[in-house]
Structure formats: C-alpha cells, structure tokens
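If you're wondering where the values come from, they're calculated on a predicted model, not measured in any experiment. What's counted below: heavy atoms across the whole structure, side chains too, no hydrogens, waters or symmetry copies.
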Amino acid sequence: MAAAAGRPWARVCQDTIGKGKAGTKIQCLKAAADALKEGKSVFIDRCNLEREQRSDFVKLGCTVQADVHAVFLDLPAKVCISRSVSRTSHEGNVQGGMAAMVVNRMLKNKQAPLLTEGFSRITFCTDDDDIKKAVDMYSALGPSHSLASGVFGQKSKGPVQTGIMKFLKKADTSSVNKSSGTMVTSSERKTGQQNTTLKQENLEAGGACSMQVEKKLDNLKEKEEQSKERVSSDTSLCTLAFPSISTADFQFDLEKASEVIVDAATDFVQKHDNVRLVLVDLSQKSRILSLVKDKAAKKSFDSSRFFTFVGDITQLHSKGGLQCNVIANAANWRLKPGGGGVNAAIFNAAGEALQHATKECADTLRPGNSVAVPVPSTSPLHQQEGVTHVIHVLGPNMNPMRPDCLKNDYTKGCKVLHEAYNSLFENFATIAQSYTGKQNDETSSRKSASGVISPNDSKTKREGSDDSERTKKCKLLPSILTSSQHHERRGTNTLSYHDNSMGSSDAPNQAREEDNKKNAAVTNKTWGSWAQSLYEVAMHPEKYKNADSILEISDEFVVLKDLYPKAKRHVLVISRTDGLDSLADVKKAHLPLLRSLHSAGLKWAHKFLEEDASLKFRLGYHSVPSMRQLHLHVISQDFNSPSLKNKKHWNSFTSAFFLDSVDVMDEVDQHGSATINPDEKLLAMELRCHRCRSAHPNIPKLKSHIAACKSPFPSHLLKKDKLLSASTMRAGCS
DNA sequence: GTTCTAGAAC
DNA sequence: GTTCTAGAAC
C-alpha cells in the first residue's frame with residue numbers, strides 16, 4: 001500500500017510501545033499496519049534477528065504493497081555486547097550485566113536477512129561508519145528518490161549473491177519511480193518522505209563492558225611478610241641489597257650459587273670498609289637464603305656487613321625498615337622491563353624514569369656484567385625508598401629456553417656467576433665511594449662555613465658531586481657496549497638465542513638454512529629464526545635432559561612443558577622425526593607416530609588429572625603452528641594462565657584452528673592426510689567462551705567469564721573422548 | 001588518564 | 001612464539 005509522498009515516518013519500537021510495560025510483537029504489527037494505512041513510512045525498530053521473528057513484518061509490508069527493506073546491523077559481537085552492557089538509558093531496560101546475557105542469546109540465533117524472505121533491499125552495516133552512511137542515505141531520501149534494490153554492504157559476497165545483485169540492479173532500473181524505503185536508526189527521526197515499510201534488524205549498540213566483574217588483583221596472598229627482625233639501621237654504611245642472581249628463571253643450581261654468593265660477598269666486605277651487602281628474597285622459605293646463611297655462618301667475617309633479609313627488594317625501607325642506597329636488579333640482556341620476578345618488580349616500582357635512565361647508560365648487558373644506573377630523583381623508588389642507584393646484573397643462564405644457555409656447564413657457569421657478583425660489587429663500591437666522598441664534602445663544607453650554608457653553595461656542591469658521579473659511573477661500567485659492539489651483539493644474540501639456548505651452537509648456520517630449504521620443499525613454508533626451538537629440542541633432547549621443562553624423552557618424541565603455558569597444565573609432545581614440521585607434512589605413514597604422540601599425551605593428561613581431578617584436557621594440533629616441528633598440545637581447559645594474552649592465543653585453542661588429535665588420526669587413517677583449514681580468520685574471530693559460546697568484548701572480560709563459567713562443554717567435544725576428565729579417565733581404565 | 005589491542009620487530 | 005609500543009577505545 002503506497003501512501004502519498006511527503007508523509008512522515010512512524011517508528012515502531014517494541015521497547016516503548018507498551019508505555020512502560022513490556023511491549024509485544026502483536027502491538028508492533030498493529031501499530032505498523034495502522035501507520036501504513038495512514039500513509040506513513042514505517043520504521044520497525046526491533047531485534048528481528050531470526051527469520052521467523054521478522055516474517056510477519058515482511059508479510060505485512062508485502063500485503064500493503066510497500067517496499068520492504070532491511071538494514072542489518074551486523075556489528076561484531078563484542079561491540080554489541082559491550083555497548084548493550086554499558087548503555088544506561090535503554091528503553092527496554094536491557095543494559096548492565098543482564099544485557100550481555102540477552103545479547104549473547106540473541107546473537108547465537110541470528111540469521112542474516114535474505115532477499116528471498118521478501119525484502120527488496122538489504123543493507124548490511126558492519127561498523128559505525130556503515131551505520132552512519134545508511135542513516136544519512138535514508139535521511140536524505142526525498143519524495144521522488146528511490147533506493148536500488150538488492151543486497152548492499154555484505155562483506156563476503158559469494159557468486160550467487162553477485163548474480164542476484166546483477167539481476168536486481170537490472171530489474172531496479174525499470175522501477176525507479178516506485179516508492180522506496182527510508183529509515184531511522186534511533187527515535188530521533190528526520191524527514192522521511194516515502195511510504196514504505198522498513199525493517200531494521202536492530203542490534204543495539206552502546207558503550208562499554210559486559211560482566212561487571214571486578215578486576216582481580218594479582219596480589220598473591222602468600223606473598224611473604226617483610227622481615228620483622230631488627231636490622232642495623234646504621235646509615236653510615238652504604239648498603240647494597242641484591243637478589244640472588246640466575247637462580248630463578250635462569251635455573252642456576254642453588255647449592256652452587258650459594259657458594260659463589262658467600263665467596264664473593266665475604267671477600268668483598270673484608271676488602272671494603274663502610275659498605276654492607278644484603279641478600280634479599282621475598283619468601284621466608286627461600287632456599288637460597290637459608291643456604292647462604294648456613295654457608296656464611298661457617299666463615300669468619302663481620303656478619304653485620306653481609307646478611308640475608310626477607311622482603312620485597314622494592315620496599316625495603318618503607319615495609320622492611322632497611323635503608324638501602326643501592327639495589328641490584330636481576331636484569332635481562334636487553335635491559336628491558338617485564339619478564340616477571342625482580343626485574344619486573346624493580347622497573348615497576350621505579351617507574352618509567354628508570355627505563356630512560358637505563359637507556360642512557362647502556363642498551364644491552366652480557367652475562368657476568370653489570371651496569372649502574374642512577375635512579376632519577378622523580379622516581380618513587382628514590383623518593384620513597386631512598387634508593388639512589390639500581391645496578392642491573394646479568395648472570396649465567398642454565399635455562400635452555402632463555403638466551404645464552406650454558407647447557408649445564410657449571411665450570412663456566414660458576415665463573416660467570418662470580419664475575420657477575422664481582423662486577424656488581426665493584427660497581428657498588430664505586431658508588432659507595434662517591435657517597436662517602438659526598439658525606440665528607442658536606443661535612444667539610446659545613447665545617448668550613450662555620451655552620452652557615454648559603455643555598456647557592458649547597459646547590460653548587462650538589463651539582464658538582466652529581467657531575468663527578470656521572471663521570472665515575474661511566475668509568476665503572478665495563479659492561480656498556482659501544483654502538484658498533486651493540487649492533488654486533490644484537491646480531492649474535494639473535495643467533496645465540498637459538499643456537500645456545502637450544503644447544504646447537506655447534507650446528508652451523510648454513511646447516512640450518514639447508515634444513516630450512518629442505519623443509520620448504522615439503523611445506524613451502526620458511527620458519528623464522530624464533531620458530532626453531534622445538535626443532536632443536538627434538539633433534540638434541542639429551543642436551544636438555546636436566547632442564548625442568550623436559551618431562552620425557554623417547555626415540556619418537558619429547559614431552560616438554562610449554563614455556564608459555566596457556567592453561568594450568570600445558571605440555572607439548574614433540575615428534576622427533578626430522579623434516580616433519582607441521583600437520584601439513586603428515587602422511588599415512590606417520591599414523592603410528594601420531595598414535596604414539598597421542599598416547600604419550602594421554603599418559604601425561606592422566607598424570608595431571610591424578611594431581612587435580614577438576615581439570616579437563618584436550619589433545620590436539622594447531623592447523624598452522626608457529627613453531628617448527630610437529631607437536632601435539634596437551635592443554636587443560638581452564639585456560640587460567642597469565643601467558644594467555646590475546647585473541648590469537650585464545651582462538652588457536654578454542655576454534656576450529658585447534659584440531660583434535662583423535663580427528664586428525666581418523667582423517668589421516670581414512671584419507672592419508674589431515675584436513676587443515678589454514679584460514680587466518682579463525683584466529684581473528686570474536687572471543688567466545690569455549691563452554692557456553694557467549695561472546696566477550698576483550699580478553700580480560702573473557703578471562704573473568706571463563707573463570708566462572710560452569711556450562712557444560714559443547715557436545716561435539718564429548719564425543720570420541722576429545723575431552724579428557726577424571727571421569728573419562730576412570731571409564732577408560734575400567 | 002588508563003586499559004586494551006594489533007602490528008612490527010625479533 | 002614473545003616483546004614492545006602506538007594509538008584506539010573507554
């Protein structure tokens with residue numbers, strides 16, 4: 001039913017139609033029919049996400065011979081959810097925490113509109129820009145204007161669609177003067193002039209976040225209290241607080257490390273006056289502290305000048321009552337923040353100022369060396385803790401997953417660790433000297449001024465001493481590399497990361513390149529230098545047999561704890577077959593190998609289930625792995641891990657990108673190869689809960705959700721034992 | 001101002 | 001694979 005041109009628009013909205021009460025679809029249909037009778041154009045503002053929901057409106061439009069258009073707001077789920085949750089004045093009161101649930105439910109069933117439903121024009125809007133364009137277009141419609149029929153704005157146009165488009169465009173030219181649709185996306189309507197029913201698939205979109213889950217503070221309860229014991233508050237002694245170097249992430253043997261510490265420290269305090277060394281660790285139960293204590297007790301030296309202390313090295317003064325002028329940092333070779341442990345804590349506590357100050361002193365650090373950095377006076381570490389210098393130290397590394405691994409060579413390791421402490425203490429001695437000098441200077445200046453210090457004098461003095469300090473600092477930093485050395489270092493380090501850390505320093509680069517070429521012939525993929533780690537482990541597992549991360553070595557595979565686990569339990573079963581880099585290389589002949597990897601994975605999953613029966617496991621492969629060498633993931637489904645940080649991480653384990661081992665074995669058995677969907681889009685998909693499939697706007701919100709979600713796992717996982725749990729394990733045993 | 005993502009570099 | 005960081009999103 002085409003009414004006269006120039007008639008206004010009627011907005012039919014189920015949220016408002018009930019005048020305070022919940023509206024009904026019947027009311028909407030009646031209102032739309034009435035408006036059409038009056039010759040108005042009608043805008044149906046309703047979430048008609050399913051075909052069935054909207055069919056009555058389409059029928060109504062058709063019976064009155066109006067053009068029926070759809071504007072489909074096909075926004076990413078995360079946008080819909082975050083906006084619906086954060087809106088504050090929704091007419092239907094769908095907002096806040098409830099909204100996420102409602103929107104998730106709706107999105108689950110959403111069906112994109114089709115021309116065959118009876119629409120003459122469908123406009124897809126996939127972002128705010130599209131929406132604006134659509135609003136502008138409909139707002140600008142005049143009485144004699146018309147919009148082309150067909151489907152517009154759909155991002156993935158299949159060939160059929162194109163055909164339809166062509167056909168419709170052709171047809172459309174003959175009906176140019178027919179009335180056309182006009183729309184408004186909100187209650188604020190402009191001048192609609194045509195008489196048409198317009199249907200809008202309305203996904204309300206508004207503002208911020210879904211679940212109002214409070215941010216979990218990573219404040220671990222077990223964080224040990226600072227030492228309560230009284231410590232000497234003798235401030236005449238310049239004090240260095242230092243953490244044990246290399247014994248945490250670098251996995252240096254504690255027994256050997258404690259010997260080195262005691263040797264180096266006692267030696268140092270015996271040679272230097274007016275200095276104090278304090279070995280600090282967070283935990284009362286710290287093994288390195290007790291080892292050092294025991295060993296130190298057997299030596300004769302002034303125990304007030306070298307002792308151990310339990311506390312946070314960044315809060316020794318404020319929380320521990322221990323004034324330290326200088327603290328040491330167990331740094332990384334890049335001298336960058338992060339990485340956890342002491343390094344992260346110190347950079348955190350000192351603020352950005354320390355990063356800049358460090359940059360000014362050095363770019364990189366070699367094992368066995370240290371660099372002293374004056375802590376800027378603006379830094380909280382300086383202001384609150386009275387720390388004037390941080391000395392970054394890099395010790396030897398025994399962790400095969402870290403750069404410059406010494407592969408258990410403790411002869412060299414102890415030597416380097418000794419060098420590291422010596423370098424640290426020497427740097428500290430020079431700072432201490434400048435302290436004593438300063439104190440003396442100030443004392444003498446006071447004396448000479450007979451108790452009167454002019455502000456100018458004082459200022460000059462301070463600047464002067466700062467300057468001399470800087471000069472000294474440069475002299476005492478043997479670890480600072482020249483610019484050219486620095487570049488060279490970077491170059492070699494890139495290699496050494498893989499060569500040394502992965503134990504193939506004896507394998508020349510050339511060989512690696514050949515390997516890569518050989519491999520490229522199979523999968524046509526070249527692997528970045530960083531992608532070689534698993535290959536190295538697979539080829540030479542014996543070199544790492546002492547590393548904690550290696551759980552099992554057989555002729556066929558190596559079981560390794562993932563260095564960056566994406567869940568509470570996450571291990572890799574790495575095939576040892578050379579040249580088999582990923583699933584794409586797998587042929588029927590590899591079926592026995594796949595079965596071996598699978599049963600090894602099962603065995604470890606069972607072991608973990610015995611330790612924690614609440615876990616669930618999946619065994620599978622990444623369609624396109626990032627690391628070379630075929631490896632099976634065994635991963636618990638809690639995904640509770642700080643290393644799970646981004647969308648790619650999430651989707652690589654929860655989308656079709658993750659191929660269940662049982663399916664892979666079946667496919668290889670039946671077709672001689674695995675079906676791989678290498679679509680990168682799988683990794684860029686919206687974030688959905690792996691249990692209830694609800695969508696979430698970002699990783700933190702998703703993580704909050706999955707920590708609480710108790711929905712059953714999707715049924716496809718329950719088939720074929722893809723999801724291993726304590727109960728499936730028991731069933732398997734019986 | 002803070003949080004979060006995404007892309008480049010490694 | 002991770003780290004770093006600019007800038008988008010909030």
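- The environment of A/Lys603 atom NZ is dense: over 12 non-hydrogen atoms of other residues, nucleotides or ligands sit within 6.0 angstrom.
- Between A/Phe653 and A/His622, the distance from one ring center to the other falls under 6.0 angstrom.
- Rounded to whole Å, the distance from CG on A/Asn332 to C1' on B/dC10 is 14 Å.
- Taking atom CG of residue A/Asn343 and atom P of nucleotide C/dT3, one finds them 12 Å apart after rounding to whole Å.
- Remark: the A/Asp660 side chain and the A/Tyr621 side chain contain no N/O donor-acceptor pair separated by less than 3.5 Å.
- The side chain of A/Lys645 contributes an N or O atom lying less than 4.0 Å from OP1 or OP2 of C/dT3.
- Contact annotation for A/His631: no contact, since no heavy-atom pair falls under 4.0 Å across all strands.
- In this structure, the aromatic ring of A/Trp530 is positioned over the six-membered ring of the base of C/dG1, centres within 5.5 Å and planes within 30°.
- For the pair A/His649 and C/dG1, the criterion of a side-chain N or O lying under 4.0 Å from OP1 or OP2 is not met.
- In this structure, A/His570 has its ring center no closer than 6.0 Å to that of A/Phe608.
- Between A/Leu687 atom CG and B/dC4 atom P there is a gap of 12 Å when expressed in whole angstrom units.
- Side-chain contact, A/Gln384 with A/Ser318: no donor N or O sits under 3.5 Å from an acceptor N or O.
- What separates CD of A/Glu686 from C1' of B/dC4 is a distance of 18 Å, to the nearest Å.
- Side-chain nitrogen and oxygen atoms of A/Lys647 include none within less than 4.0 Å of the OP1 or OP2 phosphate oxygen of B/dG7.
- Rounded to whole Å, atom P of C/dG1 lies 7 Å from atom CZ of A/Phe653.
- Among the nucleotides B/dT5, C/dT3, C/dC4, the one closest to the side chain of A/Lys336 is C/dC4.
- Taking atom NE2 of residue A/His570 and atom P of nucleotide C/dT2, one finds them 10 Å apart after rounding to whole Å.
- Whole-Å rounding puts the A/Leu534 CG to C/dG1 P distance at 9 Å.
- One interatomic measurement links the two molecules: CD of A/Glu352 to P of B/dT2, which rounds to 11 Å at whole-angstrom precision.
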